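These notes are about the structure you will find just below.
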There are 2 protein chains.
Amino acid sequence: MSHTPGVRQARKQRTRQALLDAALDLLEGQSLSSLGLREVTRAVGVAPTAFYRHFRSVEDLGVALVEEALGSLHPMIRTTVSTTGDGEERIARAIELIAGHVDVYPAHVRFIARERHGGVRPVREAIHDQLARFTAEVGEALAKDPQSTDWSGDDLLMLAQLYVDQMLITASLFLEAPATDPAERERVSRIATRQLRLIGIGRRHWLDRHGPAGAPPTP
Amino acid sequence: MSHTPGVRQARKQRTRQALLDAALDLLEGQSLSSLGLREVTRAVGVAPTAFYRHFRSVEDLGVALVEEALGSLHPMIRTTVSTTGDGEERIARAIELIAGHVDVYPAHVRFIARERHGGVRPVREAIHDQLARFTAEVGEALAKDPQSTDWSGDDLLMLAQLYVDQMLITASLFLEAPATDPAERERVSRIATRQLRLIGIGRRHWLDRHGPAGAPPTP
DNA sequence: CCATGCAGTCAACAACTGTTCTCCGGAAAT
DNA sequence: ATTTCCGGAGAACAGTTGTTGACTGCATGG
């Protein structure tokens, strides 16, 4: 069995990572469908042909970027949703976590937001798949919450989808808020907090009168 | 004063519209930042240089497309939000209207969804401005609803934003649902309906105990 | 120690891009 | 009737693109 881990593969994955990083950088000002192969290799400092040793095409690189941007996010999602505490605390914690993630990985967040509906089909589908996984995981976590007793699986999934979409919208808003303007960040934070709060209220009263066509409110 | 509107300007705006239409067509499979000037003129059947008679650049054309896609949507928004009737009826009507719009103008919807976070700054900003106008209009409409008594202006705007974002998400989901699969369309419709319903419930109970840190629920 | 594998280089290709300048024909204005 | 205006065509430009084939140096496995 291989006595050494291989200096070979280490070097390979190093330039591969360099290609991914350079691409992510270049994607700050354009979409993936306009990103050129040569543009990426030039930024890294390797020959254009070296690109093919790592990716079949730019689309391929895009799919790899989706993995990098979202693949490592699942544990964070799980711990966030399963955090204990008061509803308000959980909301604040979730938004804090989103803001922190945007601060640390702004390029990744921008990439996902941009290419989710972007012009490259395989990348769109990769993102869609990952988000579907997120939704399923959030749905499972919600199912374990005592607040979700008597909820149907369908309803849990539609709520999970609402949460996941809301997470993306909030992340995108943080991204657009300039890092130099803490007041704007605070504004985004406050709006997102209240939106989550409103959804939480709707969630608490979801099963309040679920009979067929009853009188308006039953306090 | 100009005695005739001019056959001249009529022909000009005809090719201008042809350029817009062709661009929208080509944008089904790519993003604006990769759309070439020559590509568009070739699709229309005019010389590349003719492009400059109508737009300074492809970015410029993109901004014009935003106007075309969203500018004419304001009346629809107004009539939708101000529609009378039961809450459930209004939800059904709104979703019906979104689905219908996506059916009639799929390319426009795709363009907005794609370029909202796309790689071309001026286009992103134009979309953002239009959506901000939508949010303001929805907020005004909500303010007139008796259900919004005692709501702060800030809260009305955050709810309006929630509605506008939800509208875009739903439109995008309808767009992804293949036209050949009515079952999928129905699924999207059902999920969107329940999400709007949940938001509506949260809205009804928004002011329920807005005092500081009270006991959990007060039935 | 030698032979294989493989990341990366180099040169060359046909095709395409945005932009410029010059010109043309017909509508508009005088 | 004559001049002006202007949407469009044509040719040409320097750059850029993706992809190819054959080549090189070096870590790996026998």
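Values below: all heavy atoms of this structure, side chains included; hydrogens, waters and symmetry mates excluded. Computed from a prediction, not measured in an experiment: that's the story for all the values here. All chains are named by letter (A, B, ...) in the order of the sequence lines, taking the proteins before the strands, and each is independently numbered beginning at 1.
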With the criterion being N/O to N/O and under 3.5 Å, what pairs connect the protein with nucleotides 24-27 of chain C, and how long is each?
residue, atom, partner, partner atom, Å
C/dG26, N2, B/Arg8, NH2, 2.7
C/dA27, O4', B/Arg8, NH1, 3.0

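As a whole-Å value, the separation of A/Glu59 CD from D/dG18 P is 12 Å. The distance from atom NZ of B/Lys12 to atom P of D/dA9 is 14 Å, rounded to the nearest whole Å. Atom CZ of B/Arg14 and atom P of D/dG8 are 10 Å apart (whole Å).
A search for salt bridge (Lys or Arg N to Asp or Glu O under 4.0 Å) contacts involving A/Arg190 returns B/Asp154, not counting sequence neighbours. With sequence neighbours excluded, no residue forms a side chain to side chain donor-acceptor pair (under 3.5 Å) with A/Gln147. With sequence neighbours left out, the side-chain contact (heavy atoms from CB on, under 4.5 Å) criterion links A/Ala141 to A/Val81. Taking A/Gln130 as the reference, A/Val66, A/Glu67, A/Leu70, A/His74, A/Arg133 meet the side-chain contact (heavy atoms from CB on, under 4.5 Å) condition, with sequence neighbours excluded. A search for side chain to side chain donor-acceptor pair (under 3.5 Å) contacts involving A/Arg187 returns A/Glu184, not counting sequence neighbours. In terms of the side-chain contact (heavy atoms from CB on, under 4.5 Å) criterion, residue partners of A/Glu96 (sequence neighbours excluded) are, by chain and number, A/Arg93. Considering only residues two or more places apart in sequence or on other chains, A/Asp25 meets the salt bridge (Lys or Arg N to Asp or Glu O under 4.0 Å) condition with none of them. Residues forming a salt bridge (Lys or Arg N to Asp or Glu O under 4.0 Å) with B/Arg110 (at least two apart in sequence, or on another chain): none. Applying the side chain to side chain donor-acceptor pair (under 3.5 Å) criterion to A/His54, with sequence neighbours excluded, gives A/Thr15.
Looking at heavy atoms from C-beta onward, B/Pro106 lies out of side-chain contact with B/Val109 at the 4.5 angstrom threshold.
Using a 4.0 Å cut-off on heavy atoms, the residues of residues 15-43 of chain B that approach DNA chain D are B/Thr15, B/Arg38, listed by number. Near DNA chain D, meaning a heavy atom under 4.0 Å away, the residues from residues 51-58 of chain B are B/Arg53, B/His54.
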